[in-house]
Amino acid sequence: MTHHVAVVGGGVGGLATALALARAGHRVTVLERDPLPVPTTADDAFATERRGAPQSHQTHGFLARLQVELRERFPDIWRDLLAAGCTTMAPAAHLQAEPGDEQLTVLIARRTTLDWVLRRAVFAQSGAEVRTGVTVTGLVAQPSGAGGHAAGPPTVTGVRVADGGVVEADLVVVAGGRRSQLPGWLAEIGAPVREEVVESGLMYLSRWYRFPEGPQSLTDPKLGGDLGFVKYLGVPGDGDTLSVTLAVPTRDRELRTALADEGRFDLACRLLPGPDGFFADGPREALSGVMPMGGLINRIRRFVDDDGRPAVLGLHAVGDAHTCTNPLYGRGCTLAVVQAGLLADALAEHPGSDAGAATARATAYEAACAREVEPWYHSALELDRSGADPASGSPDSAQGKAMAAVFAAAATDPVIGRALARLWNLLITPAEMAADAEAMARMAEVMAHPDDYPPPPRGGPTREALLEALAHPEEAHHA
């Protein structure tokens, strides 16, 4: 059965959903408030600003689960990304290759390049229409019990737009990102959703550079760490580019202010172990200024009650409009594409237009999200609470010391190494790793003898030393 689907939002989640549903034979209308030009090159795409998606120029990690999803569901998108100059890299390159390791590769790309390739595909896709400059202001719905039927959740039948018009649809998908107004829209039609929000306590500062040697010169797809007062991450992109992100506590105004200066940001990159390797041969050509990003949260919205009954019919959320995690872990785009596929699967399994099919579809989709997405929300909370790089451990914590030993052992133990690589790349959930008897036995042995697996030296300046260097950049440059 063919449906008309209105997709609110033209980011990664919205575009992937539009492609998946249009290719399944549905008629799809994407509603995006920003202009969505289709530049001719990846560099032109990088130079294009999107007011509604300022995070698109921040550092993004594209985990192995993303390349698996693209290869399986959108093989043409995967080919187009490689043709555009994107590459892959093995996150466990230190391990001797084994069958199945082809899954353990991450995509080296800029977020703007991924957006660009997806956008071109949607614009060319039969059955898909993209309407830009359209701001959605609310939902149109039939109230519960409408038409004399038994009372139940309201059914969404379209969206209201800023010019006063209505876009009718059999199904509405909200993919408007973490700033989506979806909770307010749902409250207006009598379908409030439960929401849990936990602040990460961090803000980011990122800058892009030209990296002439290209990602092929690296042995790790990311170089970073955590000194407690600053987390840092350097990630190569397509087109010989590199981004570095420094994450600092929101309460540390002194450090935030210092790092917002371009020269001091560059100096900090030279002083932090990991990013310093990118600057070993001297300054890099800067492709952007220092770009701040705040409001970083972990959030999950529940569209069904504890018994699995939907709060609303005819509407689904994808990406950060549904679940968002601290961007430091690089999961957002990957999970959005996963959800696009899960929604396409639920619609294929329950294609009807009656309330029974809509209920079954909502129940199936949310159950799939609980299985495939929600574990990463809880994982992000645990990582945020730990407050440090688990590979570094804490000398004051027996648990931290044991976990650091496991990460140290992963460098030489292929069973532990692959289990952790699959976990970090969302190929297995924490529960699935816990069910791996061999991996868990190896980890238990390591944790029982942590002194046999000392973590590598942490290194790096103290907060006071970094602030002192940033306060006297000329002296640090000549040191």
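Since the structure is predicted, the reported quantities are computational estimates derived from the model, not experimental observations.
Two residues are said to be in side-chain contact when any heavy atoms from C-beta on lie closer than 4.5 Å; Cys269 and Tyr209 meet this criterion. The closest side-chain heavy-atom distance from Leu227 to Tyr232 is below 4.5 Å. Looking only at side-chain heavy atoms (C-beta outward), Thr241 and Arg110 come within less than 4.5 Å of each other. Side-chain atoms of Leu205 and Met291, non-hydrogen and from C-beta on, never get closer than 4.5 Å to each other. Side-chain contact between Gln67 and Phe62 is absent, with no heavy atoms from C-beta onward closer than 4.5 Å. Proximity of Met203 to Val248: side-chain heavy atoms (C-beta onward) are separated by under 4.5 Å at one or more points. For the pair Gln339 and Val373, the minimum side-chain heavy-atom distance is below 4.5 Å. Residues Asp238 and Thr87 have side chains not in contact (no heavy-atom distance under 4.5 Å, counting atoms from C-beta outward).
One distance of note links CD of Gln103 with CZ of Arg71; it measures 9.5 Å at 0.5 Å rounding. Here CD1 of Ile300 is found 9.5 Å from SG of Cys324. Values are rounded to the nearest 0.5 Å.
Between Phe407 and Trp424, the two ring planes are tilted [angle within 30° to 60°]. Between Tyr365 and His316, the two ring planes are perpendicular [angle over 60°; tilted spans 30° to 60°].
Here the side chain of Arg301 pairs a donor or acceptor atom with the backbone of Ala321 at under 3.5 angstrom.
His322 and Phe303 have their aromatic ring centers within a separation under 6.0 angstrom.
Looking at Leu15, Leu82, Leu70, Val337 one by one, the single match for side chain to side chain contact (heavy atoms under 4.5 Å, CB included) with Ile77 turns out to be Leu70. Among Val12, Asp320, Leu63, the one residue that satisfies the side chain to side chain contact (heavy atoms under 4.5 Å, CB included) test with Cys333 is Val12.
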(message) Let's go through Asp345 and Arg73 carefully: what are the C-alpha distance in whole Å and the side-chain angles of both, what is the deciding distance for salt bridge (Lys or Arg N to Asp or Glu O under 4.0 Å) to 0.1 Å, and is it a yes or a no?
(response) CA-CA 11 Å; Asp345 292 343; Arg73 293 185 184 269; 2.7 Å; yes
(request) Could you please spell out the steps behind the side chain to side chain donor-acceptor pair (under 3.5 Å) verdict for Thr105 and Thr88? (result) CA-CA 6 Å; Thr105 57; Thr88 61; 4.9 Å; no
(request) Walk me through it: do Thr112 and Thr48 pass the test side chain to side chain contact (heavy atoms under 4.5 Å, CB included)? (result) CA-CA 8 Å; Thr112 53; Thr48 301; over 6 Å; no
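Using a cut-off of 4.0 Å between Lys/Arg side-chain N and Asp/Glu carboxylate O, Glu374 and Arg302 are scored as salt-bridged. Asp305 and Arg309 are joined by a salt bridge, as a carboxylate oxygen and a charged side-chain nitrogen come within less than 4.0 angstrom of each other.
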What side-chain donor-acceptor pairs closer than 3.5 Å can you find for residues 116-127, not counting sequence neighbours?
residue, atom, partner, partner atom, Å
Trp116, NE1, Pro39, O, 2.7
Arg119, NH1, Pro37, O, 2.7
Gln125, OE1, Arg23, NE, 3.0

